[in-house]
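Take a look at the structure below.
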Amino acid sequence: MKHLNIFLGCLAAQATSAKELTSPRSLGAETWTVTNEHGNITVPGKFPSHVHLDLYAAQVINDPNHGLNDIDLRWISAQNWTYTSKPISGLNKDKGVSTWLVFDGLDTYSTIKLCDEIVATTDNQFKQWHFDVTSVLNSCKTDPSISINFGAVPAIINKLNASGIETWPPDVVYPFEYPNRQFVRKEANDFGWDWGPAFIPTGPWREGRIVQLRDGEAYSLNTNVDIYRKGQVNNLAPDQTQPWVVNASIDYIGKLPKQHSMHAIITDATDKSKVLYSGQLNAIKRSNATISGSVVIDGHKPQLWWPNGMGKQPLYSIQISVGCGAKEPSLVSQRRIGFRTILLNTGNVTQEQISRGYQPGNNWHFQINGHEFYAKGANMIPPDAFWPRVTNERMSRMFDSVEAQNFNMLRIWSSGAYLPDFIYDLADERGILLWSEFEFSDSLYPDYPDFVQSVTDELYYNVRRINHHPSLACWAGGNEFENLLLPIAKRVDPERYPYFLGQYEHLFISVMFTVLAENSRSISYTPSSANNGWTKIDFSLPVPMVERYDNKTQGDLYGNTDYYNYDSSVAFDWAEYPVGRFAVEFGYHSMPSLETWKEALDPEDMHFNSTVITLRNHHYPAGGVEPNATKGAQGLAEMTLAVERYYPTPNKQDSIANFSSWCHATQLFQADFYKSQIQFYRRGSAMPERQMGSLYWQLNDIWQAPTWAAIEYSGRWKALPYVARHVYKNVIAAPYFNRKTGDLDFWVTSDLWESVTGQLSFRWVDFKGEAIAGNAGMSKSVNFTVPAINSTSVFKTNLGNVTLPDQTDAILLLSLQANGHLPNSNHTTQFTHSNYFLPVWPKDTKFSDPGLKLSADKSTGSFTIEATKGVALYTWLTHPEDVTGFFDDNLFVLLPGEKKHVGFKLQEGTSGNEWMDKVTVGSMWDLSIRD
């Protein structure tokens, strides 16, 4: 939502009418040009923008995402670029008027001139910058121009490295492409990652404005609203019986009257006539640039905000005004808020928990409004290499996909960028919790004073900017420090390890935790996204959070896990999966679809091992700026081998059709692998580790390439989301097969907050769809009861005791029906889930042509699929490339004679419904046949 910032005069001697004041002047409304350092390229510019985007718009370059442009366009980041405005008319130079330049984001090293006079320099992409340019403007003889020169980042950080300001042992700054990214406060994946390009974009990436103020006027730069239960402190469970405290704090430029008060009006966000509170704020505190106050609200009056699947998302609007008596307010700011408590519990397992069967160690789970819940979701990376291309409409479509997968949480991965408010707004509305991270990853970082001060400013701004969003779940200092980088440093340089550890604790605990705690009592903190919890929190200590770095007690559990194993031979051996409290990352890469490849490749490059695809595959990273086809081929080989191990190998005569089939086959492996892991992690809710969350890697793509993403760059679903939406249902049934012993165990898992009862049915059929005699010796159904957020084994057997005439010609269909209550609901809900089990790998089954038929009903926008000859495994609908959206269901099993009706959520595309005629259907059979 738009945040209201009003500056109104309020002096004892005079009150100025709002109509007489000058509104902030958006720099986006001015006319800009962009020029390179040599002066031989000048094109129109936008604000906000990046240089690559303006060169693309001017047709100097083609789409940066095309072909090998991530390599071919490196000349752009190697040069300095200057954005220059046309002369700006109409600015007020009257006595008593101050003029400010305000920038919400400059990427990254810049020199700002007004009237050809240097007024400031910047060195941090993530900070808001504001500069008083009153004297410069007033001395300007003509209408002023603004110029912003952006320095070539690679050259600058290489000089910082050469200065010897800090040194680290090998491997603790993970090499992707460009080196020395740890020295600059800029989006780290701009320098390359194992799923993305290294464009190193530069430019005014967020909005800017000119603000002019008369004496007695003020302008809000940032507003922090912190909502918590009375007595609540970070990282500890609040008392849910206590009243709410609403603390409001405004950062401003300009001047406020010496005598002032703060007033707040809190109303329903959609019905302003419903007033929750109207009155004065208390405990007013004021500095030169910040004013804050608070109010206590009855704990039962606000409606609670709940995540998706746990209740509703009521939102409120708070308007905070600063004034002096009956005169016009001097400052007004408005935010949209929600009332909830959210705790990331990473503290010690209690004796009470141990008595309930938990293993000793540390917790790692979330609690909403005092309730534990199972976190379901994925990791989100930047949706584009160029943030100015990321729109509200585009992100709204992504949140459609998030909700459709039954998520309640996204982890906003570090080393991208702090998300703009409109994405948090969408999460507030959709009930998606955002585990948020400070932008540090896969490197040790310096802690010299200037760097620490820059980081402190960055955190202060972003913590306060984002804090009012009820979707904010926690803050993490960064990614993979405690279970990856620090152990590497300890191994390769043991003598200096105490220094590296002290450096880490200073920046990521003493500095970061303190900044968060000073600005928010409502949000928990962990220094690293994967770690082993803490033993003590005490802000009187130099390091206020005492971390548990090593798990030395056999059998005890302390933290969360990540899991990447590219040996596909053990992909479905759940004995290989890590046992922990929370699975924060896990995954395997796959190819995007043919339709998505067409966006970025020329036709001659569309085959599996083409040079372009090999070099666009950044798993494994090149390790330097020189292209490395050998490493790219290694990642492609992993995908190839995974398909060959488990699925029919595509071998079509038509090269494009064969390429498309290979892309699809890699997605099948990815989807099945994730399904196997998610089922295992969810079952862990019943185990001594009390596993309470799984977030797969990764939700989205930053470009068109082989990656771990579930959703392709333009929004097309891979196979994975269709599997995720089923395996993340509230109540699921899953088989667990030990291929070494033949043991077969069926579990029912529930994430509901009350016990659930129901029936699980078993049905053995061959691939002609005929029932296997006597149901292969197995019961046809079993009743079950599953406790709250738990899992229960409902049936055990051994495959040797299952009387199958031919294991290669058999499939077991699982069908679950249960009754229970959704969280915060008194209504009984029926829950269903379907699953299946194959005794052998898909490539070894005796499937045949299922005789699929597809028809479209254009009046309803739905499709009907029927199998006429045999069982259709991995039934797959494909929509044309000129529409964006997703089906109600896909990748399902269809028996002969069955008709399945499937809808489609059309998000974007051509008008009319002629596109429906282009939808196609296939199955596992189509992978194996030669066209």
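- In this structure, Phe373 has its ring center no closer than 6.0 Å to that of Trp306.
- Partner of Phe586 under the ring pair (Phe, Tyr, Trp, His ring centres under 6.0 Å) criterion, out of Tyr681, Phe680, Trp708: Tyr681 alone.
- Between the side chain of Asp809 and the main chain of Phe767, a donor-acceptor pair closer than 3.5 Å is present.
- Counting non-hydrogen atoms of other residues, nucleotides and ligands closer than 6.0 Å to CZ of Arg763 gives a total of 12 or fewer.
- Residues Lys740 and Asp573 form a side-chain contact, since some pair of their non-hydrogen atoms from C-beta on lies under 4.5 Å apart.
- Taking the centre of each ring, His879 and Phe904 come in below the 6.0 Å mark.
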**Item:** Asn565 vs Val570, side chain to side chain contact (heavy atoms under 4.5 Å, CB included): CA-CA, chis, key distance, verdict
**Value:** CA-CA 8 Å; Asn565 187 345; Val570 296; 3.5 Å; yes
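- Atoms CD1 and CG, on Ile523 and Asn235 in that order, are 10.0 Å from each other to the nearest 0.5 Å.
- Across all non-hydrogen atoms, the minimal contact from Arg645 to Ser569 is NH1-N, 3.4 Å.
- Using a 3.5 Å distance cut-off with no hydrogens or angles, the side chains of Asp400 and Gln907 do pair a donor with an acceptor.
- Not a single donor-acceptor pair under 3.5 Å links the side chain of Gln677 to the backbone N or O of Tyr674.
- Look at Lys846 and Asp806 and you find a salt bridge, because one of the NZ, NE, NH1 or NH2 atoms lies within 4.0 Å of a carboxylate O, short of that distance.
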**Message:** Let's go through Thr785 and Thr792 carefully: what are the C-alpha distance in whole Å and the side-chain angles of both, what is the deciding distance for side chain to side chain contact (heavy atoms under 4.5 Å, CB included) to 0.1 Å, and is it a yes or a no?
**Reply:** CA-CA 8 Å; Thr785 299; Thr792 299; over 6 Å; no
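- Minimum heavy-atom separation, Asn560 to Asn483: O-ND2, 4.3 Å.
- Under the 4.5 Å side-chain criterion, counting only non-hydrogen atoms from C-beta, Tyr588 is in contact with Tyr566.
- The closest side-chain heavy-atom distance from Thr828 to His821 is below 4.5 Å.
- Within the 3.5 Å criterion, the main-chain N or O of Leu822 finds no donor-acceptor partner in the side chain of Asn730.
- Ring centroid separation for the pair Tyr646 and Phe572 comes in under the 6.0 Å cut-off.
- By the 4.0 Å N-to-carboxylate-O rule, Arg690 lies close enough to Glu372 to be salt-bridged with it.
- In this structure, Trp764 and Phe837 have perpendicular ring planes: the angle between them is above 60°, well past the 30° mark.
- In this structure a side-chain-to-backbone donor-acceptor pair under 3.5 Å is missing from Gln807 to Pro805.
- Of the N and O atoms on the side chains of Asn531 and Tyr558, not one donor lies less than 3.5 Å from an acceptor on the other residue.
- Judged by distance alone, the side chains of Lys675 and Asn835 do bring a donor and an acceptor atom under 3.5 Å apart.
- Taking the six-membered ring wherever Trp is involved, the centroid distance between the rings of Tyr563 and Tyr577 falls below 6.0 Å.
- For Gln303, the CD atom sits in a loose shell: 12 or fewer heavy atoms of surrounding residues, nucleotides or ligands are nearer than 6.0 Å.
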**Item:** salt bridge (Lys or Arg N to Asp or Glu O under 4.0 Å) assessment of Asp751 paired with Lys729
**Value:** CA-CA 9 Å; Asp751 61 16; Lys729 283 188 169 186; over 6 Å; no
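- Under 3.5 Å, the side chains of Thr707 and His589 contain no donor-acceptor pair of N or O atoms.
- The two residues Pro823 and Leu752 make their nearest non-hydrogen contact at CD-CD2, 4.2 Å.
- Within the cation-pi definition used here (under 6.0 Å to the ring centroid, within 45° of the axis), Arg411 does not qualify as a partner of Trp697.
- Ring-plane geometry between Trp876 and His664 is classed as tilted, the angle between the planes lying from 30 to 60 degrees on a 0 to 90 degree scale.
- Gln691 places no side-chain N or O within 3.5 Å of a backbone atom of Met687 that could act as its donor or acceptor partner.
- Counting heavy atoms from C-beta outward, Phe887 and Leu877 have side chains that approach closer than 4.5 Å.
- Residue-environment remark: NZ (Lys843) exceeds the threshold of 12 foreign heavy atoms within 6.0 Å.
- For the pair Glu689 and Arg581, the salt-bridge criterion is not met [side-chain N within less than 4.0 Å of a carboxylate O].
- A donor and an acceptor atom, one from each side chain of Trp925 and Ser848, are nowhere located under 3.5 Å apart.
- Taking the ring centre of Trp574 as origin, the terminal cationic atom of Arg683 falls inside the region bounded by 6.0 Å and 45° from the ring axis.
- A side-chain donor from one of Asn348 and Arg548 sits under 3.5 Å from a side-chain acceptor of the other.
- Applying the side-chain contact (heavy atoms from CB on, under 4.5 Å) test between Gln367 and each of Ile342, Leu344, Asn345, Thr341 identifies Asn345 as the sole match.
- Residues Gln667 and Glu712 bring a donor and an acceptor atom of their side chains to less than 3.5 Å of each other.
- Atoms CG and CG, from Leu891 and Leu668 in turn, are 6.0 Å apart once rounded to the nearest 0.5 Å.
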**Request:** Take Lys853 and Glu866, measure what salt bridge (Lys or Arg N to Asp or Glu O under 4.0 Å) needs, and give me the verdict at the end.
**Result:** CA-CA 5 Å; Lys853 291 184 178 180; Glu866 181 181 6; 5.7 Å; no
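- At most 12 heavy atoms of other shown residues, nucleotides or ligands fall within 6.0 angstrom of atom CD in Gln351.
- In this structure, Leu895 and Leu813 have side chains that are in contact, with non-hydrogen atoms separated by less than 4.5 Å.
- Expressed to the nearest 0.5 Å, how far CG of Leu744 lies from CZ of Phe737 amounts to 6.5 Å.
- In this structure, OH on Tyr728 lies 8.0 Å from CZ on Arg682, to the nearest 0.5 angstrom.
- Salt-bridge check for Asp889 with Arg725: failed, with every basic side-chain N at 4.0 Å or more from each acidic carboxylate O.
- The closest side-chain donor-acceptor pair between Asn379 and Gln698, if any, does not fall under 3.5 angstrom.
- Asp888 and Tyr722 share no donor-acceptor pair across their side chains, judged by distance under 3.5 Å alone.
- When each of Leu814, Ile811, Leu812 is tested with Tyr836 by the rule side-chain contact (heavy atoms from CB on, under 4.5 Å), just one qualifies, namely Ile811.
- Under the 30°/60° scheme for interplanar angles, the aromatic rings of Phe366 and Trp435 are found to be tilted.
- Residues Ile732 and Phe831 are not in side-chain contact: their nearest non-hydrogen atoms beyond the backbone lie 4.5 Å or more apart.
- Taking the centre of each ring, Phe582 and Tyr374 stay at or above the 6.0 Å mark.
- Outside the 6.0 Å centre-distance limit, the rings of Phe795 and Phe784 are not counted as a close aromatic pair.
- A donor and an acceptor atom, one from each side chain of Ser791 and Thr749, are located under 3.5 Å apart.
- No side-chain heavy atom of Glu898 sits less than 4.5 Å from a side-chain heavy atom of Lys900.
- Thr346 and Asn362 share no donor-acceptor pair across their side chains, judged by distance under 3.5 Å alone.
- Between the side chains of Lys718 and Ser593, not a single donor N or O lies within less than 3.5 Å of an accepting N or O.
- The closest side-chain heavy-atom distance from Ile789 to Met692 is below 4.5 Å.
- Between the side chains of Asn479 and Ser529, at least one donor-acceptor pair of N or O atoms lies under 3.5 Å.
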